[in-house]
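Written below as structure tokens is the structure these notes are about.
Below, chains carry the letters A, B, ... as their sequence lines are ordered, and counting in each starts from 1.
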Amino acid sequence: MQFRSLKDIIRLCEERSVTIAELMVEEQVKETGVSREEVIQQMTDYYHIMKEAVHKGITEDTVSRSGLTGGDARRVYNYLNNGETASGSDATRAMSYALAVSEVNASMGRIIATPTAGSCGIIPGVFVSTQERFGWSDEQMVMGLFAAGAIGYVIANNSSISGAEGGCQAEVGSAIGMAAGAVVELRDGSPEQAMHAVGLALKNTLGLICDPVAGLVEIPCIVRNGLGAVNALAAADMALAGVRSAIPSDEVVDVMLQVGRSMPSEHRETARGGLAQTPTGRKITEELRRRRQNNGN
Amino acid sequence: MRFKNVFNIIGPSMVGPSSSHTAGAARLGRAARQLLGVCPEHADIILYGSFAETYWGHGTDLALVGGLLDYSPDDPRLPDAAEEADHLGMTIQFDKGSGNYPHPNFVRIRLQQGERTAELAGASIGGGNIEIHEMNGFDLRGSGQYPTLAVEHQDSKGVLADITRTLSESELNIGFMDVDRKSRSGEAMTVIELDSAPVQEVLDRIEQLPHVTRAVVINLD
């Protein structure tokens, strides 16, 4: 790829007079030698899987493999359809769709890791809900995914997208940044505004620990996806309104890695800290262990 | 750059719940099976770090077994992999490893089919991406992102030249290469990541080269 930083992306977009999405497609074709048609087809297939997961999560009863979670997406969706919500219907819809995909994930259903499975709800939640709202075509959404991918590529290579390495900020935080930047572009914001959205979003997830109860991608991961979708919309709005990330977004990406590295391993996916070690977190862990032993596994 | 292209970030398409613990594990299992070259009859799987702590709830065990059955990370049969392995008569032993390991999500897989054995150790580095650290006792790196040729040979002058010449004559481009030997003039192994997968005929030609014992391809796409 010709870019390594968010600043590179802005520069290349300006030099070539292209969108972030178009830059990503061109670079992907160059890097892999796979044709433009095939690259776009693969992303289109991925978008359809995301939509399927949203649909499944809000229409079917999903129960996770552990039996701990499920049904929250439908709860929020039904609540949305029964009157006024506190955060407004658009944010609530994004939230229910994000919960839906995350619940499908916990039930061992099919999802697209964006960038990871632990954070797989945020981009579909934001994309599918804004598509319905603004009437965007699938083609536009697929290009939006390329824009999100370009942002994620920079974050992954300069920081981390692994909860075990960098905490939840690396998974949910990265997804929020990617979704926020993509929405700015879909709403015709400039590449520079998109990158400010990334910085604004990432700044507000710095230090977010990865503390899955019993080590499962369920509590608190699922609700963090729901809330993450709302954060992404809010960060996009701030950037579109002209708010800038006072700390350059690339510096925020870099510091995310430092914050992740300085977190104790208890707070990096080991389930040895945070919510996983609360009295209830421990009780759930113990219950699951007992059940597993009874099953003879 | 650890992540090479946009589909490392958006993607893979996978069966939940964890890209590190499920998708990455499936790919590591699949890489080990392809290194063996056939379906294993027995597998010893040693889990380290976060893999060892949380494998059960994530279906890491099922994903690894699915990989041993050559399933891709989005194969809908993954949740039922254990039954399928059982049906095929595959025996699998899971153990928790201790000591030093290079990444929080690390696994060592030893496979056997008759006289044939293979061993692969690697890490799941996030988003379903993997890093191979060892193959058959050699310290060799691989990303699993490209078709990967693994060649076992004797450490001898000209072997690498012969291999790379064969690849060049077959119009195959090398993106990455790593070599390790157990001793001077002893056993050696080379991994070569290619931009496209070699056909069987190329493998046959490489296997017939002097000092080469075996060549296999690991292709996780």
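Interface remark: A/Arg110 contributes backbone and side-chain atoms alike to the contact with chain B (heavy atom separation under 4.5 Å). Residue contact with chain A, scored on non-hydrogen atoms closer than 4.5 Å, involves the backbone and the side chain of B/Ile10 alike. There is no contact between A/Arg272 and chain B, counting heavy-atom distances below 4.5 Å. For chain B, the nearby parts of A/Met43 are the backbone and the side chain; heavy atoms of each come within less than 4.5 Å. Heavy atoms of B/Asp74 lying under 4.5 Å from chain A belong to its backbone as well as its side chain. Contact of A/Ser66 with chain B is not made at all, since no heavy-atom distance falls under 4.5 Å.
The shortest non-hydrogen separation linking B/Val15 to A/Met108 is CG1-O, 3.1 Å. Contact between A/Ile49 and B/Ser13 at its shortest, heavy atoms only, is CD1-OG, 3.6 Å. Looking at every heavy atom in both residues, A/Glu31 comes nearest to B/Lys4 through CG-O, 3.8 Å. Between A/Asn105 and B/Pro17, the closest heavy-atom pair is ND2-O, 2.7 Å. The minimum heavy-atom distance linking A/Asn157 with B/Met1 is given by the pair OD1-C, 3.5 Å. Heavy atoms only, all atoms of each residue included: B/Ser18 and A/Val217 are closest at CB-CG2, 3.7 Å.
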Derivation and outcome, side chain to side chain contact (heavy atoms under 4.5 Å, CB included), residues A/Tyr153 and B/Asn8
CA-CA 8 Å; A/Tyr153 173 85; B/Asn8 296 154; over 6 Å; no
One pair to check against salt bridge (charged side-chain N to carboxylate O under 4.0 Å, His left out): A/Glu165 and B/Arg2. What are the steps and the verdict?
CA-CA 14 Å; A/Glu165 210 169 38; B/Arg2 289 200 293 178; 3.1 Å; yes
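Considering CZ of B/Phe3 and CG of A/Asn158, their distance stands at 11.0 Å, rounded to 0.5 Å. In this structure, CZ in B/Phe7 is found 5.5 Å from CD in A/Gln28, a value given to the nearest 0.5 Å. Note that OG of B/Ser50 is 10.5 Å distant from CZ of A/Arg268, once rounded to the nearest 0.5 Å. Summarising the geometry, atom NZ belonging to A/Lys30 is positioned 14.5 Å from atom CG belonging to B/Asn5; distances are rounded to the nearest 0.5 Å. To the nearest 0.5 Å, the span separating OG on A/Ser174 from CD1 on B/Ile9 amounts to 8.5 Å.
Taking chain B as the reference chain and counting heavy-atom pairs below 4.5 Å, the highest number among A/Val104, A/Ile161, A/Asp45 is found for A/Ile161. Of the residues considered (A/Gly109, A/Gly163, A/Cys221, A/Gly166), A/Gly109 shows the highest number of contacts with chain B, using heavy-atom pairs under 4.5 Å. Chosen from B/Pro12, B/Gly59, B/Ala23, B/Ser124, the residue pairing most often with chain A at heavy-atom distances under 4.5 Å is B/Pro12.
A donor-acceptor contact shorter than 3.5 Å links the side chain of B/Ser19 to the backbone of A/Ala117.
A heavy-atom distance below 4.5 Å is not found between the side chains of A/Glu27 and B/Val6. Taking 4.5 Å as the limit, some side-chain heavy atom of B/Met14 sits within range of a side-chain heavy atom of A/Ile111.
Heavy atoms of other residues, nucleotides or ligands lying less than 6.0 angstrom from CZ of A/Arg282 number more than 12. For B/Glu201, the CD atom counts as loosely surrounded, since its 6.0 Å shell holds 12 or fewer non-hydrogen atoms of other residues, nucleotides or ligands.
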